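I have placed the structure first, in the form of structure tokens, so that the comments after it can refer back to it.
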Amino acid sequence: MNQEELKGKIEKIMDEHYTGTLATVVRDQPLTRYMTFFHEGLTLYTPTSIDTHKTDEIEANPNVHVLLGYEGEGFGDTFIEFEGKATIKEDKETKHELWNEHLEKYFEGPDDPKLVFLELKPTNIRLMNKSGEPPLSLDL
């Protein structure tokens, strides 16, 4: 599979799967939680509150790891491993651009001062478990 085909398969997983795990680093140890993701190109975004531990963790160490796409049906499920650098986006433009109605359950609106988005820029993306084949890395 060439790099363009691989990129297309990765973006398809990003299009179809919104829930995944986000791992941050705390005192040199990984800490993982489920998050909701969406993307623009290969950049992932996830909403959160500025008052959460994960924002403190990212300020201390921006390295993150995401698993996205696994359906839990067993061997052979295709998913992506995403390594990247996180930035906390709290500017009005980003919050209005990325706001959607699903966030109303947690925030008062795009101008809620607690709402921030984590922007995850990839440093490495691998397509995993493609029909028992070895992982495929996308050149970034």
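Model, not experiment: these values are computed from the prediction.
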Using modelled atom types only, decide if a donor and an acceptor are shared between the side chain of Thr55 and the backbone of Ile50 within a distance under 3.5 Å.
yes
Once you round to the nearest 0.5 Å, how far does [atom1] of [X] lie from [atom2] of [Y]?
{"X": "Ile125", "Y": "Lys9", "atom1": "CD1", "atom2": "NZ", "value": "15.5 Å"}
{"X": "Ile58", "Y": "Thr52", "atom1": "CD1", "atom2": "OG1", "value": "7.5 Å"}
{"X": "Leu138", "Y": "Gln3", "atom1": "CG", "atom2": "CD", "value": "5.0 Å"}
{"X": "Leu68", "Y": "Thr19", "atom1": "CG", "atom2": "OG1", "value": "8.5 Å"}
{"X": "Phe37", "Y": "Leu118", "atom1": "CZ", "atom2": "CG", "value": "8.5 Å"}
{"X": "Lys105", "Y": "Leu103", "atom1": "NZ", "atom2": "CG", "value": "10.5 Å"}

Between [X] and [Y], which heavy-atom pair has the shortest distance, and what is it?
{"X": "Phe117", "Y": "Trp99", "value": "CZ-N, 4.2 Å"}
{"X": "Leu115", "Y": "Pro47", "value": "CD1-CB, 4.2 Å"}
{"X": "Glu90", "Y": "Lys95", "value": "O-CD, 3.4 Å"}
{"X": "Thr36", "Y": "Thr46", "value": "O-OG1, 2.6 Å"}
{"X": "Gly69", "Y": "Ile13", "value": "CA-CG2, 3.7 Å"}
{"X": "Phe82", "Y": "Lys121", "value": "CZ-C, 4.0 Å"}

Walk me through whether Lys85 and Val64 qualify under side chain to side chain contact (heavy atoms under 4.5 Å, CB included).
CA-CA 6 Å; Lys85 299 275 185 191; Val64 295; over 6 Å; no
Counting neighbours of CD on Glu5 that are heavy atoms of other residues, nucleotides or ligands and sit closer than 6.0 Å, is the number greater than 12?
yes
Where at least one partner belongs to residues 17-41, residue pairs that pass salt bridge (Lys or Arg N to Asp or Glu O under 4.0 Å), sequence neighbours excluded:
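Qualifying pairs, neighbours excluded: Arg33-Glu57.
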Taking the side chain as every heavy atom from C-beta outward, state whether [X] and [Y] have any pair of such atoms under 4.5 Å apart.
{"X": "Met128", "Y": "Thr78", "result": "no"}
{"X": "Phe79", "Y": "Leu67", "result": "yes"}
{"X": "Thr24", "Y": "Asn63", "result": "no"}
{"X": "Val66", "Y": "Leu120", "result": "yes"}
{"X": "Asp111", "Y": "His96", "result": "yes"}

Under the side chain to side chain contact (heavy atoms under 4.5 Å, CB included) rule, what do Lys7 and Leu42 come out as? Steps first, then yes or no, please.
CA-CA 9 Å; Lys7 181 180 178 189; Leu42 296 174; 4.2 Å; yes
Tell me whether Lys12 is salt-bridged to Glu16, with the criterion being a basic N under 4.0 Å from an acidic carboxylate O.
yes
Under 4.0 Å between a Lys/Arg side-chain N and an Asp/Glu carboxylate O for Glu108 and Lys114?
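Judged by the 4.0 Å cut-off on N to carboxylate O distance, Glu108 and Lys114 do not form a salt bridge.
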Can you find a side-chain donor-acceptor pair between Lys54 and Thr48 that sits under 3.5 Å?
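Yes, Thr48 and Lys54 have a side-chain donor paired with an acceptor closer than 3.5 Å.
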Same hydrophobic cluster for Phe107 and Leu98, using side-chain heavy-atom links shorter than 4.5 Å among ILVMFWY?
yes
Leu136 vs Met1, test: side chain to side chain contact (heavy atoms under 4.5 Å, CB included). Steps then yes/no.
CA-CA 9 Å; Leu136 300 172; Met1 171 179 329; 3.9 Å; yes
When you look at Leu127 and Leu6, which way does the side chain to side chain contact (heavy atoms under 4.5 Å, CB included) test go after all the steps?
CA-CA 8 Å; Leu127 181 67; Leu6 178 57; 3.7 Å; yes
